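Worksheet: the structure to be examined is printed underneath.
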Amino acid sequence: MATPSGPQRKFLTISPDDNVEVIKGLSSPVRLRILHLLRRRGPANVNEISAELKLPQSTIATNIQVLEAAGLIRTELLKAAKGQQKVCSARYDEIVIRLDGAPATRQDNIVEVAMPLGLYTAYQVSAPCGLCSTEGIIGLLDVPDHFLDPSRMQASLVWFGRGYLEYKFPNNAKVLGAAIEAIEYSMELSSEVPGTNSDWPSDISLWVNDVPIGTWTSPGDFGDQRGIYTPRWWKLEGSQYGKLTTWRITDRGCFVDGVKLSEVTLAALDLASHHSIRLKVGIAEEARHPGGVNIFGRGFGNYDQDILMRIYLRPDPGGAES
């Protein structure tokens, strides 16, 4: 199979309630023009931005400070003919403001977040690849660039041959100031082959905060019967359903469906240092069986769910009733 090609695209998905500085950074027409310019032409210093936008250098410098504080641009001090110059570059290709948030529900010491399939924050995939909603195909099939299509937010099925999708979940344990006992991901997965083939093994891997936590071998790409929730317009020749997998990381290692995959523990993920938890789903470069992946979301397959993350909080010893 071909390896993923093209540069990695960078996305930022934010909630207005939790990212006030970013919203402030985007609230000015001048700052939006600066972001568009940096995204289009690449790195530039204050003088170049001023000349391009035909605005005073003082105006540009002030707005650059706001964008830098919001984390929307990257700046670097480089030597110039006289002294130093601040060179600015855009950090993201696309910014999504999510008004509905990634809703979290809490029950006792469990916090659960459901992540829609199309809300990935980075990707690198190769054909065969595509996305579809419950209503139809999104963009063009086997064209990785169409994974940038804004309609991807409606995706209920995503597939690709090699590469990965990355999602950014909120670290609600850090917000609550609570320790984590276990973290769990639940998703419906299968291999990916043109048509279907129940005997088509694929090594599907997960990474959390860039740490490879383990690999599960999907037995095949299933099309023997229509998925319970798969829409009627989706042909039977296409992938119909997958296996519901549950990945769990604890102090004892990583497990999938109760079977130990690796010795990676919670400590390796450094969760307490991050406000978000990044999950990457894909096919590792060194995979023995690089048989692609289908990820089924709400409205497709046999399980009407998106990608679920559950954080199990350690009970507060001081909170026990006497």
Side-chain angles (χ1 to χ4, degrees), residues 1-6 8-9 11 115 117-131 144 147 155 157-169 182-193 197 199-222 239 241-250 252-271 274 276-297 301 303 305-310:
M1 288 193 179
T3 56
S5 59
Q8 177 180 334
R9 310 290 297 206
F11 302 88
M115 183 64 69
L117 289 195
L119 209 58
Y120 42 84
T121 53
Y123 81 93
Q124 194 169 3
V125 301
S126 68
C129 61
L131 310 96
F147 274 60
L157 174 64
V158 181
W159 66 95
F160 50 92
R162 292 289 289 269
Y164 64 84
L165 297 180
E166 184 174 78
Y167 298 87
K168 185 179 287 188
F169 287 81
I183 186 168
E184 195 172 84
Y185 294 98
S186 173
M187 66 196 81
E188 186 175 355
L189 302 169
S190 79
S191 310
E192 162 56 21
V193 61
N197 186 339
D199 185 18
W200 187 265
S202 183
D203 294 338
I204 301 173
S205 297
L206 262 60
W207 296 258
V208 177
N209 289 348
D210 288 327
V211 177
I213 65 167
T215 299
W216 169 76
T217 301
S218 165
D221 185 357
F222 306 106
S239 307
Y241 63 91
K243 300 283 188 180
L244 186 65
T245 60
T246 301
W247 307 65
R248 185 179 178 91
I249 309 107
T250 70
R252 297 185 296 110
C254 175
F255 303 78
V256 66
D257 300 331
V259 177
K260 193 167 188 176
L261 282 185
S262 73
E263 298 294 335
V264 176
T265 64
L266 289 171
L269 308 181
D270 194 24
L271 298 172
H274 301 280
S276 62
I277 302 173
R278 290 176 292 114
L279 171 71
K280 193 182 291 184
V281 184
I283 309 297
E285 288 290 331
E286 68 277 8
R288 182 181 175 187
H289 302 105
V293 59
N294 278 280
I295 310 175
F296 297 82
Y303 302 90
Q305 68 168 60
D306 292 310
I307 298 176
L308 299 181
M309 181 186 75
R310 300 184 187 95

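Everything numeric in this text was worked out from a predicted model, so none of it was measured.
Relative orientation of the F222 and Y241 rings is parallel, given thresholds of 30° and 60° on the angle between their planes.
One distance of note links CG of L244 with OH of Y303; it measures 5.5 Å at 0.5 Å rounding. In this structure, CZ on R310 lies 6.5 Å from OG1 on T246, to the nearest 0.5 angstrom. Distance check, rounded to the nearest 0.5 Å: OH of Y164 to CD of E285 gives 10.5 Å. Once rounded to the nearest 0.5 Å, the distance linking CG of D306 with CG of L119 reads 9.5 Å.
For the pair P144 and S126, the tightest heavy-atom approach, listed with the atom from each and the gap, is CG-CA, 4.4 Å. The shortest heavy-atom contact between T250 and F255 is OG1-CE1, 3.9 Å. When all heavy atoms of S190 and F296 are compared, the pair lying nearest together is OG-CE1, 3.6 Å. Scanning all heavy atoms of the two residues, the minimum distance from G301 to E188 falls at CA-OE2, 3.5 Å. When every heavy atom of I283 is checked against every heavy atom of P290, the shortest pair comes out as CG2-CA, 3.9 Å. Of all non-hydrogen atoms in T265 and I249, the two that sit nearest each other are C-CG2, 3.8 Å.
Under the 4.5 Å side-chain criterion, counting only non-hydrogen atoms from C-beta, F147 is in contact with L165. Counting only heavy atoms from C-beta outward, the side chains of N294 and V158 never approach each other to under 4.5 Å. Contact annotation: the side chain of R162 never approaches that of Q124 to less than 4.5 Å [non-hydrogen atoms, C-beta and beyond]. Residues P212 and V264 are not in side-chain contact: their nearest non-hydrogen atoms beyond the backbone lie 4.5 Å or more apart. Between I277 and Y185 the shortest side-chain heavy-atom distance falls below 4.5 Å. Between L261 and I213 there is no side-chain heavy-atom pair separated by less than 4.5 Å. Under the 4.5 Å side-chain criterion, counting only non-hydrogen atoms from C-beta, I295 is in contact with V281.
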Chi angles and distances behind the side-chain contact (heavy atoms from CB on, under 4.5 Å) call for T215, I204:
CA-CA 5 Å; T215 299; I204 301 173; 5.9 Å; no
Let's go through S205 and W207 carefully: what are the C-alpha distance in whole Å and the side-chain angles of both, what is the deciding distance for side-chain hydrogen bond (donor to acceptor under 3.5 Å, both in side chains) to 0.1 Å, and is it a yes or a no?
CA-CA 7 Å; S205 297; W207 296 258; over 6 Å; no
Checking L279 against M115 for the side-chain contact (heavy atoms from CB on, under 4.5 Å) test, could you report, in this order, the C-alpha distance in whole Å, the side-chain angles of both residues, the deciding distance, and whether it holds?
CA-CA 11 Å; L279 171 71; M115 183 64 69; over 6 Å; no
Would M309 and V208 satisfy side-chain contact (heavy atoms from CB on, under 4.5 Å), going step by step from the backbone distance to the final call?
CA-CA 11 Å; M309 181 186 75; V208 177; over 6 Å; no
For D221 and E192: C-alpha separation, side-chain torsions, deciding distance, then whether side-chain contact (heavy atoms from CB on, under 4.5 Å) applies.
CA-CA 6 Å; D221 185 357; E192 162 56 21; 3.6 Å; yes
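The number of heavy-atom neighbours closer than 6.0 Å to NZ of K243, taken from other residues, nucleotides and ligands shown, is 12 or below.
Using modelled atom types, no side-chain atom of W159 and backbone atom of G292 make a donor-acceptor pair closer than 3.5 Å. Without hydrogens or angle criteria, D203 side chain to A287 main chain gives no donor-acceptor distance under 3.5 Å. Judged by distance alone, with hydrogens and angles left aside, the side-chain atoms of K260 form a donor-acceptor pair with the main-chain N or O of R252 at under 3.5 Å. With S191 contributing its side chain and P201 its backbone, the two residues share no donor-acceptor pair below 3.5 Å.
Of the N and O atoms on the side chains of S218 and S202, not one donor lies less than 3.5 Å from an acceptor on the other residue.
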